[in-house]
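Encoded as structure tokens, the structure appears first; notes follow it.
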Amino acid sequence: MWKKLILMLAALCGAWSGYTLYHAAERGFPAGMDKLKDSLPVQGGILFAVLGAIIFCLR
């Protein structure tokens with residue numbers, strides 16, 4: 001039970017970190033992020049949140 005709770009908290013922290021990182025980069029590098037937005041199949045914030053959750057859950 002504790003292991004599942006810790007993994008869920010890690011996933012939430014990773015998703016929050018990825019989403020925040022995406023929006024911070026979007027403000028800091030608008031020209032570069034415009035190129036990235038055009039080539040992504042999904043919204044960038046969602047993609048970065050999922051990637052962050054996966055990275056934080058890796059053991």
Side-chain angles (χ1 to χ4, degrees):
M1 181 176 147
W2 286 105
K3 185 177 180 180
K4 287 182 182 181
L5 179 65
I6 291 171
L7 282 175
M8 188 175 293
L9 288 174
L12 287 173
C13 289
W16 177 76
S17 297
Y19 186 80
T20 304
L21 177 66
Y22 175 79
H23 287 290
E26 189 175 42
R27 280 182 295 222
F29 306 102
M33 293 303 284
D34 287 339
K35 293 177 186 175
L36 180 64
K37 284 181 186 178
D38 295 338
S39 64
L40 291 176
V42 296
Q43 185 182 6
I46 294 171
L47 178 66
F48 274 61
V50 170
L51 289 175
I54 291 170
I55 289 171
F56 270 57
C57 284
L58 291 178
R59 302 180 226 178

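We use all heavy atoms of the structure for the numbers below, so side chains are in, but hydrogens, waters and symmetry mates are not.
Put simply, CZ on Phe48 and CD1 on Ile55 are 9.5 Å apart, with the number rounded to the nearest 0.5 Å. Rounded to the nearest 0.5 angstrom, Met1 CE and Ile6 CD1 are separated by 11.0 Å. Between the CE atom in Met8 and the SG atom in Cys57 there is a gap of 9.5 Å [rounded to 0.5 Å]. In this structure, CG in Leu21 is found 10.5 Å from CH2 in Trp16, a value given to the nearest 0.5 Å. One distance of note links CG of Leu58 with CG of Leu7; it measures 10.5 Å at 0.5 Å rounding.
In plain terms, the two heavy atoms of Ala53 and Ala11 that are nearest each other are CB-O, 3.5 Å. Contact detail for Phe56 and Ser17: the closest heavy-atom pair is CZ-OG, 3.9 Å.
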